[in-house]
Amino acid sequence: AMQQWGMRSDALQLDPQRPTGRVSVSFNAGEPAYDIVPQVAYDAIVAEAVKCDCRLLYHGSLALREATSRSTAELIKAGKPDTVFVDVNLRSPWWQKEQLLEMVADADWVKLNGDELALLAPSADGAAFVAEHELQGLVLTHGADGAEIMTADGERILIRPEKAVPVIDTVGAGDAFASIMILGLDLDWPIEQTAQRAQAFASALVGKRGATVSDPAFYRPFIDAWELGNL
């Protein structure tokens with residue numbers, strides 16, 4: 001039977017005091033820089049309202065920079081989700097190495113870039129990072145050069161974007177890649193197929209302005225090609 005998808009709202013929280021999360025993006029020589037505005041609603045997710053029966057927990061490391069949301073994440077992880085996927089973002093001053101490595105230790109999959117790997121692992125060796133932290137897999141991104149997927153069984157997949165891909169705005173490309181990796185893990189796609197599809201989706205997104213696309217027509221070719229229409 002095909003899995004039925006839907007957006008549950010029973011654990012949605014409204015914060016009457018803190019604003020919605022906001023990221024200020026600036027560009028220097030075409031490269032984006034990010035100011036992750038602190039003291040926002042996602043820094044204060046309250047544990048009592050959270051359901052803990054999820055199959056997959058995905059969170060960015062910055063989502064746990066404040067104690068309230070960090071303790072809520074611990075409660076969710078105590079419910080033993082099948083997969084924990086951590087997206088590493090080392091934005092000063094919002095990270096500490098020891099705390100970050102604790103998140104990695106709890107994870108099954110981790111996504112980070114080469115600079116972040118170098119800051120967290122002396123050897124900056126992705127395969128060694130997977131082994132040391134007993135990960136199922138690592139997504140190591142290389143910007144315009146694509147990404148590598150490394151798994152616990154020694155599989156290593158290098159994904160490079162096509163040179164002809166038009167680039168308007170790279171903001172959100174990493175999140176787009178991660179979203180399809182998660183989709184593939186949830187639907188049990190082969191890892192190499194998942195990685196290729198993730199790169200295709202990210203390549204389409206960088207041809208648009210902004211981190212998301214509101215036009216449903218943008219997503220239709222992927223839904224049709226990947227046979228997602230009945231989910």
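Model, not experiment: these values are computed from the prediction.
- Counting only distance, with no hydrogens or angles, the side chain of Asp108 and the backbone of Gln136 share no donor-acceptor pair below 3.5 Å.
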Under the side chain to side chain contact (heavy atoms under 4.5 Å, CB included) criterion, do Leu64 and Tyr42 qualify, and how do the steps go? CA-CA 9 Å; Leu64 309 190; Tyr42 76 71; over 6 Å; no
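- Rounding to the nearest 0.5 Å gives a distance of 9.0 Å between CE of Met150 and CG of Leu158.
- Side chain of Ser69 to backbone of Glu66: no donor-acceptor contact under 3.5 angstrom is found.
- In this structure, the side chain of Thr68 does not engage the main chain of Ala44 through any donor-acceptor pair within 3.5 Å.
- Linking Ile, Leu, Val, Met, Phe, Trp and Tyr whenever their side-chain heavy atoms come within less than 4.5 Å leaves Tyr219 and Phe177 in two separate clusters.
- Met181 and Val206 fall into different hydrophobic clusters, where Ile, Leu, Val, Met, Phe, Trp and Tyr residues are linked whenever their side-chain heavy atoms come under 4.5 Å apart, directly or through other members.
- Separating the CD1 atom in Ile45 from the CG atom in Asp43 is a distance of 8.5 Å, to the nearest 0.5 Å.
- Checked for salt-bridge contact, Lys77 and Asp106 meet the test: a charged N lies under 4.0 Å from a carboxylate O.
- Applying the side chain to side chain contact (heavy atoms under 4.5 Å, CB included) rule to Gln99 yields the partners Arg70, Gln96, Met103; only residues at least two apart in sequence or on another chain are considered.
- Contacts classified as side-chain hydrogen bond (donor to acceptor under 3.5 Å, both in side chains) and involving residues 189-204 (residues at least two apart or in different chains) are given here: Gln199-Ser203.
- Partner of Trp109 under the side chain to side chain contact (heavy atoms under 4.5 Å, CB included) criterion, out of Leu56, Leu135, Ile149, Ile182: Ile149 alone.
- By the rule that hydrophobic residues join a cluster once side-chain heavy atoms approach within less than 4.5 Å of another member, Leu112 and Phe85 end up as members of separate clusters.
- In terms of heavy atoms, Pro19 sits closest to Gln39 at CD-O, 3.6 Å.
- Taken from CH2 in Trp95 to CZ in Arg65, the straight-line distance is 15.5 Å, to the nearest 0.5 Å.
- The local environment of CZ in Arg18 is crowded, with over 12 non-hydrogen atoms from other residues, nucleotides or ligands closer than 6.0 Å.
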Check the pair Leu120, Phe129 against side chain to side chain contact (heavy atoms under 4.5 Å, CB included), reporting the backbone distance first and the verdict last. CA-CA 9 Å; Leu120 295 177; Phe129 192 80; 4.3 Å; yes
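- A chain of hydrophobic side-chain contacts below 4.5 Å, direct or via other Ile, Leu, Val, Met, Phe, Trp or Tyr residues, connects Val23 to Val37.
- Across all non-hydrogen atoms, the minimal contact from Ile157 to Ala195 is CG2-CB, 4.4 Å.
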Step by step, work out the side chain to side chain contact (heavy atoms under 4.5 Å, CB included) result for Thr20 and Val40. CA-CA 6 Å; Thr20 298; Val40 296; over 6 Å; no
Check the pair Leu117 / Leu140 against side chain to side chain contact (heavy atoms under 4.5 Å, CB included), numbers first and verdict last. CA-CA 8 Å; Leu117 178 62; Leu140 181 60; 4.1 Å; yes
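- Annotation for Ala173 and Ala202: closest pair O-CB, 3.7 Å, computed over non-hydrogen atoms.
- The structure places CG of Leu138 at 8.5 Å from CD of Glu148, a figure rounded to the nearest 0.5 Å.
- Distance check, rounded to the nearest 0.5 Å: CG of Leu90 to CD of Glu116 gives 4.5 Å.
- The distance between the ring centers of Phe201 and Phe222 falls below 6.0 angstrom.
- In this structure, the separation between OG1 on Thr141 and CG on Asn113 is 4.5 Å, given to the nearest 0.5 Å.
- For Ala178, the side chain to side chain contact (heavy atoms under 4.5 Å, CB included) test picks out Tyr58, Asp87, Lys111, with sequence neighbours left out.
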